[in-house]
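Step one of this worksheet: look at the structure below.
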Protein chains: 2
Amino acid sequence: MAVVDRRRQVIEAAAKSFSLFGYKATTMDQVARIASVGKGTIYTFFSNKEQLFDEIVHKVILEMKHIAEREIRRDKPFFDNLQRVLDSLLEFRSEHELIIKLSQEKREFGTPQAQEGLDKIEGAIIGYLEREVEHAIRQGEIKPCDPKVISVVMLKLYITLTAELNKLHAPLGKEEIKAYFRLILAEGLAQQTM
Amino acid sequence: MAVVDRRRQVIEAAAKSFSLFGYKATTMDQVARIASVGKGTIYTFFSNKEQLFDEIVHKVILEMKHIAEREIRRDKPFFDNLQRVLDSLLEFRSEHELIIKLSQEKREFGTPQAQEGLDKIEGAIIGYLEREVEHAIRQGEIKPCDPKVISVVMLKLYITLTAELNKLHAPLGKEEIKAYFRLILAEGLAQQTM
DNA sequence: TTTCTGACTATTTTACAAATTCGGTCATTC
DNA sequence: GAATGACCGAATTTGTAAAATAGTCAGAAA
């Protein structure tokens with residue numbers, strides 16, 4: 001009981017600190033202080049700073065999985081589901097403090113652990129998309145293709161439309177993004193010749 | 001005559017040095033030495049280091065424009081032309097020493113001038129694609145859409161398929177890239193319902 | 001007179017050492 | 001036996017002296 005409580009205190013303190021200060025600027029002393037725990041106590045649960053960080057990243061990934069699952073409606077068409085899932089995932093991603101902080105830390109300092117954490121989160125999104133694409137292929141909703149390739153492309157396309165484009169073009173509205181996503185990926189740009 | 005010659009010597013020396021050592025590690029003394037010219041002479045043609053660098057970047061962009069124009073066959077379909085142009089541009093991009101060096105410098109040191117130079121080159125590619133997309137829309141070859149948006153998406157998709165994907169997936173062959181590019185962008189993933 | 005030059009200067013970058021901070025340990029405490 | 005925080009070596013930061021560099025300009029070369 002006391003053990004469980006201490007572990008939770010540590011995890012909560014770590015989540016708070018990593019979100020607020022990033023990986024590098026979070027010290028084990030600080031985590032201990034926020035958790036009102038001796039520094040040694042942290043090491044009874046996690047063998048080092050990286051493993052503690054991993055735990056926090058994993059919690060975020062789990063949270064994202066729940067969000068995604070909540071958006072799936074098996075009776076709706078694949079592209080509708082895809083749209084809703086990516087929408088909610090990217091909104092979560094752009095609002096979650098830890099992810100914002102890690103992105104900033106990566107840009108500013110290039111901290112490898114921040115990069116790895118973000119990669120794990122991206123990998124989880126792609127893995128999730130992959131299974132949905134596989135399902136859609138089996139259902140005959142989309143043409144046969146490599147789910148990994150298509151998943152990566154989908155995520156990149158979404159990021160391009162929602163974020164990268166804004167450097168060169170006025171930001172697109174939600175409806176525009178939805179329309180372009182469908183136009184490009186689902187229907188294709190080629191003018192039907194018949 | 002002597003003036004023209006000196007200017008060319010400076011430009012050639014600068015091109016060589018920026019390609020070999022990047023922006024930061026290229027010194028004006030070194031450029032002068034390679035060009036067999038006094039350092040002051042450089043400043044009679046270019047007001048500072050950044051402007052000299054700009055000249056070199058512009059030469060690369062011009063070269064790329066020629067390469068692209070060489071690939072365009074007005075009698076062929078848009079997607080064939082697009083494929084060939086992107087292919088040759090990205091091959092050029094991945095083999096040109098200046099671009100390789102600037103990419104490395106950006107990754108390694110984050111030199112702002114290297115970043116800006118690469119952005120200009122990318123902007124030129126997108127601008128070129130934009131005009132081609134406009135042409136294709138006018139010809140009725142592709143559906144009406146914002147050429148800027150589509151150009152950015154096309155370039156990003158191509159980079160994803162040729163480079164980014166390799167971190168998570170076995171590299172695709174040239175024919176596979178071509179097939180996915182068409183499948184995704186031109187034909188669309190959605191299974192035709194009739 | 002005009003063109004070109006490299007020694008010169010002010011500023012930035014680097015190199016290095018001292019001081020500080022930090023991740024991780026472990027003898028002691030509770 | 002679980003929890004702690006003083007302690008340790010390694011890593012990072014800081015302060016600063018030395019070196020390098022972009023840009024100038026008085027004077028040499030043409």
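Values reported hereafter were calculated over all heavy atoms of this structure, with side chains retained and with hydrogens, waters and symmetry mates removed. Labels below follow one simple rule: chain letters A, B, ... track the order of the sequence lines, proteins then strands, and each chain is numbered from 1.
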Reading 5' to 3' through nucleotides 23-30 of chain C, protein heavy-atom contacts under 4.0 Å coded B for base, S for sugar-phosphate only, - for none:
BBB-----

Using the ring-ring contact (aromatic ring centres under 6.0 Å, His included) criterion, which residues pair with B:Phe181? Sequence neighbours excluded.
B:Tyr158

With sequence neighbours left out, what residues match A:His96 under ring-ring contact (aromatic ring centres under 6.0 Å, His included)?
A:Phe92

Once side chain to side chain donor-acceptor pair (under 3.5 Å) is applied, what residue pairs with a partner in residues 20-33 of chain A remain, sequence neighbours excluded?
A:Ser17-A:Thr26, A:Ser17-A:Gln30

Going by the side chain to side chain donor-acceptor pair (under 3.5 Å) test, which pairs reach into residues 170-179 of chain A, not counting sequence neighbours?
none

Should B:Leu172 and B:Leu168 be regarded as members of a common hydrophobic cluster, given that ILVMFWY residues are connected when their side-chain heavy atoms come within less than 4.5 Å of each other, either directly or indirectly?
yes

ILVMFWY clustering at 4.5 Å (side-chain atoms), partners of B:Phe21:
B:Leu20

Would you say the side-chain atoms of B:Lys156 pair up with the backbone N or O of A:Leu161, donor to acceptor, closer than 3.5 Å?
no

When the axes are fitted on five pairs at both termini, how much does the helix from C:dT1-D:dA30 to C:dC30-D:dG1 curve, in 10° steps?
10°

I need the [atom1]-[atom2] distance between [X] and [N], as an integer number of Å.
X       : N      : atom1 : atom2 : value
B:Gln9  : C:dT3  : CD    : C1'   : 14 Å
A:Phe21 : C:dC22 : CZ    : P     : 12 Å
B:Arg33 : C:dA7  : CZ    : P     : 13 Å
A:Gln30 : D:dG5  : CD    : P     : 16 Å
A:Phe45 : D:dA2  : CZ    : P     : 10 Å
A:Asp5  : D:dA3  : CG    : C1'   : 14 Å

Collect all protein-nucleotide pairs involving nucleotides 8-10 of chain D in which both atoms are nitrogen or oxygen and the distance is under 3.5 Å.
none

Name the atoms and distances for all side-chain donor-acceptor pairs under 3.5 Å in residues 75-82 of chain A, with sequence neighbours left out.
from    : atom 1 : to       : atom 2 : distance (Å)
A:Asp80 : OD1    : A:Arg182 : NH1    : 3.1
A:Asn81 : OD1    : A:Arg73  : N      : 2.9
A:Asn81 : OD1    : A:Arg84  : NH2    : 2.7
A:Asn81 : ND2    : A:Arg73  : O      : 2.9
A:Asn81 : ND2    : A:Lys76  : O      : 3.4

[X]: side chain to side chain donor-acceptor pair (under 3.5 Å) partners, not counting sequence neighbours:
X        : result
B:Gln113 : B:Glu50
A:Lys106 : none
B:His58  : none

Using only side-chain N and O atoms of B:Arg6, determine if any of them is under 4.0 Å from OP1 or OP2 of C:dC4.
yes

